[in-house]
Each structure stands twice: as C-alpha cells, then as structure tokens.
Amino acid sequence: MPPLPVITGLGFITSIGNDKATVLRNLHELRHGLEPFVFLDNPNVPVKVAGTVKDFAFPTTNWRDWNWPAAYAIDRETVRGLAPHGVYAFCAVQQALAEAGLGVDALSDGGTGLFCASAGSPLLLGQHLSQMYATRGERGNPMGIVSSIAGTLNFNLAAYYHIRGAVCGFVSACTSSSHALGYAMDEIRLGRQQRMLVVGAEDMNTESILPFASLRALSVNPNPDTASRPFDRRRDGFVGTGGAVALVVEDAALAHRRGAPIYAELAGWGQAGDGHSVAASHPEGAGLREAMRRALADAQVTPRDIDYVNAHATSTPAGDRSEALALQAVFGGARPKVSSTKALTGHGLSLAGAMEVAFCALALAEGFIPGAAHLEEPDPACASFDLPRTSLDSAPRLVLKNSSGFGGSNVCHVLRRVP
Amino acid sequence: METHLPLSTSVTPPVDLEEKLRHLPVDARAAFRRFQADGKAADLDVVIFAILEDFIPKKTGPALAGLPGDTPLMDGLGFDSLAITEIIFFAEDLFGISISNEEILKVRTIDELRRFILRKAAAKRAA
C-alpha cells in the first residue's frame, strides 16, 4: 500500500487557546480571541484590535525579560536564538509531540523531517539592524541572524531536536505553512520520510502586524466582537494575530504500528498562482479556483464530496469576494458548509494555513463544523453558499482548506475523516 | 561636493550601562560601580562571574565562582563559541574595551578570562 500521510499530533498556541481542549471549546462555541490593542502607544493609529496570544509576555527584545507558561521547558541555550514566535513554536511542538506519543529520540533517526513557515521576526531584525547602525558595524548580537530572519524556526527546531531528515523553511506569505504541509505530505507519499513535523508561527506584535495597515488591509473597526467578519457585507479588513501551530504528520502504517491517535488523513493538495498582482488576489479568484480543483483531483474526490470548506477569507473586501467567486465556480450547485475561522482568531499570516488545517483536523476528529462567526449580512457574492451561523454537530467526512497569499499564491488541502 | 560621516578608528556608541547591568544580581551591580571607582580586582571578579552565570548556555552545576580557575569554559562548562562571543561583546560595552578575534581564541579557562578582562579593563581605567 502506498504511504498515506495522516495527522497524529497537534499543538496550539493561538489567540483562541494554548491547548487543544481550549481551542476545541472556542471553535465549537465560536468564542473569539480578539482584544483591544494599542499599537505603539499611539491612539492615532486607526487599527485598534488584534488576536492576542495570552499567557506569554515579550516586553523587550531581551530574552531575559520574556515569560511563557511554566509547563514548557526552554533552556537559555535555546531561547537566546529565538524570536517571540520561536518561543510559541517550541511550546506548540512540545504539545504536538506529547499528543503523538513521541519522545525526542524518535525524531533524530533520519526518518523524520521538519518543514516550517514564518516571516521571521521584523521586531528582532529591526533591533539588530538598529544596533548595527548605532555602532557603525562594530557590534552585534551573535544570535541576531538566526533569531530574526525567515528560517529562524527551522534553524532552531532542527538543531534542538537533532532532525536529520529533510529540513526546510517556506516563505510564501499567507500560504507559507500550507506549502510546508503540502510538501511534507509529498515527502511521505514519495517515501522519502516516514514522519514530518510541520510548524507555522508568527510574532504577535506591532512590527509583524501594523505594516499591513500601509496596504489598507487591516480592519479599523474598534470592536473586537465584529472587527473580523469574513464574508460579511460590512467587513473592512483583517485583524492580525500570531502564535504557533505544530502538526505531526506520519505515514499511516507507522502511526498504526505505534498505536498513535489519528486525527485525519491528508488526502490531497494543490496549488496554483494567480499570475496577476504582487499583493491583490485575482478579482475572480482564478488561481484559487485552479488550486481547489487540483487539490480535489489529487484527493480523487469531487466538489459534491466536500462537506465543509474552511475558507481563507480574511475579512478584506476584495479578498473575500475573490474567494467567494472561486468557490462558486468550483462548487456550482454543490453546497458544502463554508466558514472562515479567522473570524475567531484573526489572520495568522504564515501561521494561518497550519492553524486552520489543525482546526479542520479537530473538526473531523470531534465530529463538528465550525460556524461562520460574526456573520450578519452575507456578501451577495456568497448568496449560493451554506454559511452556518453556529457550529454544527454533524461530522464532516471530507474537508477543503483554502489558503491564499501575496504574489497570487494559492494552496488548498483536502482532509478526510479516518474511517 | 560629497559629504562623509566623520571617520574614527573606534566607535564610541552611547552605552546604557544601567540597561546592560539590569539583569545582573544586585551584588554584581554594586561591585561594578566599586570597580569603576577603585579598580579593585576582587570587585571585577564578582562582575565577571555574574556575567558568566548569565550567559552560560545550560545552567546545571554549582556556582561558577566555586570552581577551579583552570576549568575550561567550552569543554568543562558547556560554553559554545556563540556564548563566548556574547560575553565578549557584553564586556566590550560594559568596560569600554576592544577585544580582537585573536585575543578571544586565547581565552580558554575561567582564570584566563578573568585575567584577560582585568588587564584590558585596568588599562582602560588607567587611560
């Protein structure tokens, strides 16, 4: 039997919870994790809300001032090379490995690889460059590069866990961790690796979020209860968030031999570019449309087989409309349930795809469909969709997860409930 | 006409000593101020051991001040080249000294580090 990638471990540090039980409850009850947030202590900044990560504190760029939950062991040798999102990631990975019943020794035999996604840490990069300018190049933090540039997650996690399999970082903005997961699936399907750790993470701070205000991409709605409302007619932009999510993906045969819990099968994935704009999505979602079709074909299923679509929809006027048109084109008369869990979490950028695939895995394993939170007046482009306003206690069998990013990058995943 | 930033052989960036010392224990901060005033080696030792304790990659064994002076930093205590470099940069800022790569490579033990920084810091004070 050919290798079949399945998810056997999940770890969450997110705005809606820092453990599986809390995330599950908040997803099911549609409780969001957004809070008022003052950027740069400047009340004139029009963006007022963020998807905050609770129980962590990074008051300065010096790791000696950082705090994270005591349950997670991160020694000084490790933390000195981390960005804030690296701290999130180490906590999420520890959860995921415990869930999957894997000890540290199991990761270093060459059969396990590690694919990560983050945009790096603009906060730390800015701080290191400021120091370089101030000293005219004569001083620097030796850990400045490995803690701040894109790749910091894979540098640190691979070293700490002695990963000897495939190690790589993926940078495609908001499709980054979806790419990481797709290529991780392929590593297993091609027989190159038996197991992959996939990690998506982002800092949750001004430096990672506020630059998107320059694109007019962020919501200026000051109400955390409505600032993120994907597919709603009154949506006005996304709410930024950070955190980390880790997934353990294994060949099903290995998972069965170990007696590991299996959340879901990764049935297929597909990607396609818009070929259109550096920042804006194609107005009719051309690339996303094709990516969905490729993912469905890879999974050998049809649109009618899909019970639930976890949309990319970030709550921006243009992006949600493009996705709605792409969904219409692909699904036609088929009416899967559609929601975007970014209404609850905010948009996690490089983290988003992994986080939302993990939500889909929970939905498949626990037998529910997350509702479309904060949706009151659906955009007319969504008229043909089934957008449940509350979570449904009906077990989906097949789920489609969409992701889109800068440069018109689109990645889709199909997940199947374990028979 | 082209303009250039003023050239100098060595930078003298403003160093916020309070910020640098903030994470060291109270007794080490007091010892640093005494060393600045009196230049006594015993005070500098307190500061150096506090720095070593702060930058050691894995805090496992007993207090470093109680170990034999010939204990190797790298093989004996688990310091790696990154941590040594962090200590050097920290000491350069704190004492206003400059340390070359060649000099770093010659420092292998606790005593060698103590003597090296004492010599450099004392010379700086004398200047």
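Reminder, nothing fancy here: chain letters follow the sequence lines and each chain counts from 1.
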CZ of Phe89(B) to CD of Glu138(A), rounded to nearest 0.5 Å, is 10.0 Å
Most heavy-atom pairs under 4.5 Å with chain A, out of Asp54(B), Leu82(B), Thr85(B), belong to Asp54(B)
d(Arg22(B) CZ, Asp65(A) CG) to nearest 0.5 Å is 4.0 Å
Does Asp75(A) form a side chain to side chain contact (heavy atoms under 4.5 Å, CB included) with Lys59(B)? I'd like the steps, not just the answer. CA-CA 8 Å; Asp75(A) 60 30; Lys59(B) 211 170 200 171; over 6 Å; no
To the closest 0.5 Å, what do you measure between CD (Glu19(B)) and OG1 (Thr60(A))? 7.0 Å
A quick test of your reading: do over 12 heavy atoms of other residues, nucleotides or ligands sit less than 6.0 Å from CZ of Arg108(B)? no
What distance separates Asp80(B) CG from Arg80(A) CZ, expressed to the nearest 0.5 Å? 4.0 Å
Side chain, backbone, both or neither: which part of Phe90(B) has a non-hydrogen atom closer than 4.5 Å to chain A? neither
Does Arg76(A) make a cation-pi contact with Phe79(B), if we ask for NZ or CZ under 6.0 Å from the ring centre and within 45° of the axis? no
Would you say Asp38(B) has more than 12 foreign heavy atoms packed within less than 6.0 Å of its CG? yes
Might you point out which heavy atoms bring Arg139(A) and Ile97(B) nearest each other, and give the distance in Å? NH2-O, 4.0 Å
